[in-house]
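Input: a single structure, listed below in structure tokens.
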There are 2 protein chains.
Amino acid sequence: MSVTETDVRWLTAEQQQWWRSYLQGTARLTEALSRQLETDSGLSLNEYEVMVRLSEAEGRTMRMAELASSLVHSRSRVTHTVARMERRGLVERRACASDGRGINAVLTDQGMAALVEAAPGHVRAVREHLVDRLTDDQMRALGEAMQHVAPDVDAV
Amino acid sequence: MSVTETDVRWLTAEQQQWWRSYLQGTARLTEALSRQLETDSGLSLNEYEVMVRLSEAEGRTMRMAELASSLVHSRSRVTHTVARMERRGLVERRACASDGRGINAVLTDQGMAALVEAAPGHVRAVREHLVDRLTDDQMRALGEAMQHVAPDVDAV
DNA sequence: CCCGTGTCGTTCAACTTTCTACTACACTGG
DNA sequence: CCAGTGTAGTAGAAAGTTGAACGACACGGG
């Protein structure tokens, strides 16, 4: 039997409803968080995420590719982002001792300070727009559901 | 009492964990869906979303601003997106009879055809990466959680 | 040792999104 | 009927992202 239009497994009405809610919700949330960060701290959400990762890494240092895969960004994108941040003194780039191809991105003291200053407002916004509107059970359900997303194998 | 560092209501370890899962999950999901659409249908996720909205509207027609708020995009962004799509014959722009300022975006037959062709693959990807990995309860929980996101009042 | 293959990070150009300003029209109150 | 104010959509430049190609280095097999 050939695959025809009727063989498509469409979403049920319910599934579609929740899927739409998800789409709109993420869009609104991202929008709100970006705006807050940009307005209050002059940082983009991406830059903030970079700083968070670096701040938690050993020696506030990560390889570019590691940063990219953790952010689910292309290597090219991370190159640009880090370059911009370096110009502003938020991060530094250092050759990697153990791998001649590698570059380590390091969060500078200034970058760390910027993160410390930006964090409370960001966390407040995350609470305001999402966390505080959900019970702990709902928040866990949300997180657990999203953990089921397939890791993208063939990323750029 | 002044607001000091210690007054910040940080996320609990658990909340932070779910929040991270959410962030990574959405990133991966968006990435996967964009790639699938781009590869299989030559459409961006945004263009696809525009077409979905239009296809469901009365007369396959929507006002630009309506489209913008439904997509949670800026009006400017929608202007550009629709302009590009118009050049490809997917949509048309028509003056709005009832409001001299307004423009109606209309999904063309060609646009509808493109949507019909792209939809099965997209739905399959949504299932593969998310829906089929969740129980119906989990999917509902996800949708319900995201419905609690505050509608962004002061959007651009 | 060195070749083939693969990874790392960057570059450049094309493309998309954002930001700000602007024109045109709508609507309300005097 | 006509300010004043607000909304709809656009334009153009600046900023960010993508995708492909590239040089540099790593690494295993012959």
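Quick note on labels: first sequence line is chain A, next is B, and so on, each numbered from 1. Side chains are part of it too, since the values below use all heavy atoms of this structure and drop only hydrogens, waters and symmetry mates.
The CD atom of A:Glu49 sits 5.5 Å away from atom CG of A:Leu45, with the distance rounded to the nearest 0.5 Å. Within the model, atoms CE of B:Met146 and OH of A:Tyr22 stand 7.0 Å from one another, a figure rounded to the nearest 0.5 Å.
Atom CG of B:Leu71 is separated from atom C1' of C:dT17 by 14 Å (rounded to the nearest Å). Look at CG on A:Leu43: it is 16 Å from P on D:dA15, rounded to the nearest Å. When the P atom of C:dT17 is taken as reference, atom CG of B:Leu45 falls 10 Å away, rounded to whole Å. Regarding B:Arg87, its CZ atom lies at a distance of 11 Å from the C1' atom of C:dC15, rounded to whole Å. A:Arg77 has its CZ atom 12 Å from the C1' atom of C:dT17, to the nearest Å. Here D:dG9 presents its C1' atom at 18 Å from CZ of B:Arg94, a figure rounded to the nearest Å. Counting to the nearest Å, the P atom of D:dT10 and the CD atom of B:Glu86 are 9 Å from each other. Note: CE (A:Met85) to P (D:dT17) measures 12 Å, nearest angstrom.
For the salt bridge (Lys or Arg N to Asp or Glu O under 4.0 Å) test, no residue two or more places apart in sequence or in another chain qualifies with B:Arg84. Remark: B:Gln147 pairs with A:Ser21 by the side-chain hydrogen bond (donor to acceptor under 3.5 Å, both in side chains) rule, at least two apart or across chains. With sequence neighbours excluded, the residues satisfying side chain to side chain contact (heavy atoms under 4.5 Å, CB included) with B:Ala118 are B:Leu37, B:Ser41, B:Leu43, B:Tyr48. The salt bridge (Lys or Arg N to Asp or Glu O under 4.0 Å) test applied to B:Glu92 returns B:Arg94, not counting sequence neighbours. In this structure, the salt bridge (Lys or Arg N to Asp or Glu O under 4.0 Å) partners of B:Asp99, at least two apart in sequence or on a different chain, are B:Arg63, B:Arg101. For A:Glu128, the side chain to side chain contact (heavy atoms under 4.5 Å, CB included) partners at least two apart in sequence or on another chain are A:Arg124.
Using a 4.0 Å cut-off, some side-chain N or O of B:Arg93 falls inside it from OP1 or OP2 of D:dT10. For the pair B:Arg84 and C:dT17, the criterion of a side-chain N or O lying under 4.0 Å from OP1 or OP2 is met. Contact annotation: A:Ser76 side-chain N/O to D:dT17 OP1/OP2 distance is not under 4.0 Å.
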Could you write out each protein N or O paired with an N or O of nucleotides 1-6 of chain C at a distance under 3.5 Å?
residue	atom	partner	partner atom	Å
C:dG6	N2	A:Arg101	NH1	3.1

Pairwise N/O distances under 3.5 Å, protein to nucleotides 21-23 of chain C:
none

Between the protein and nucleotides 2-4 of chain D, list the N/O to N/O atom pairs that are separated by less than 3.5 angstrom.
none

Check: Where does DNA chain D pair, written as one dot-bracket string 5' to 3', with Watson-Crick or G-U pairs under 3.5 Å, ( ) inside the strand, [ ] for crossing pairs and | for another strand?
Finding: ||||||||||||||||||||||||||||||
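Within residues 46-67 of chain A, the residues that place at least one heavy atom under 4.0 Å from DNA chain C are, in residue-number order, A:Arg63, A:Met64, A:Ala65.
Annotation: side chain of B:Leu107 is in contact with side chain of B:Met51 (closest heavy-atom distance under 4.5 Å).
Closest to the A:Ser74 side chain, of the nucleotides D:dG19, D:dA26, D:dT18, is D:dT18. For A:His80, the listed nucleotide lying nearest its side chain is D:dT17; candidates were C:dA26, D:dT10, D:dT17.
For B:Glu144 (side chain) and B:Ala141 (main-chain N/O), no donor-acceptor pair under 3.5 Å exists by modelled atom type. At least one donor-acceptor pair closer than 3.5 Å links the side chain of B:Arg127 to the backbone N or O of A:Arg9.
Taking all atoms of both residues into account, the shortest heavy-atom contact from A:Leu142 to B:Ala145 is CB-CB, 4.2 Å. For the pair B:Arg93 and B:Thr79, the tightest heavy-atom approach, listed with the atom from each and the gap, is NH1-O, 4.0 Å. The nearest pair of heavy atoms linking B:Ala114 to B:Leu90 is CB-CD2, 4.0 Å.
B:Glu47 and B:Arg77 are not joined by a salt bridge, as no carboxylate oxygen comes within less than 4.0 angstrom of a charged side-chain nitrogen. Using a 4.0 Å cut-off between charged side-chain N and carboxylate O, A:Asp40 and A:Arg35 make no salt bridge.
Applying the ring pair (Phe, Tyr, Trp, His ring centres under 6.0 Å) test to pairs two or more places apart or on separate chains, none has a residue in residues 66-119 of chain A.
As judged by a 4.0 angstrom heavy-atom cut-off over every strand, B:Thr81 is placed among residues touching the sugar-phosphate backbone only.
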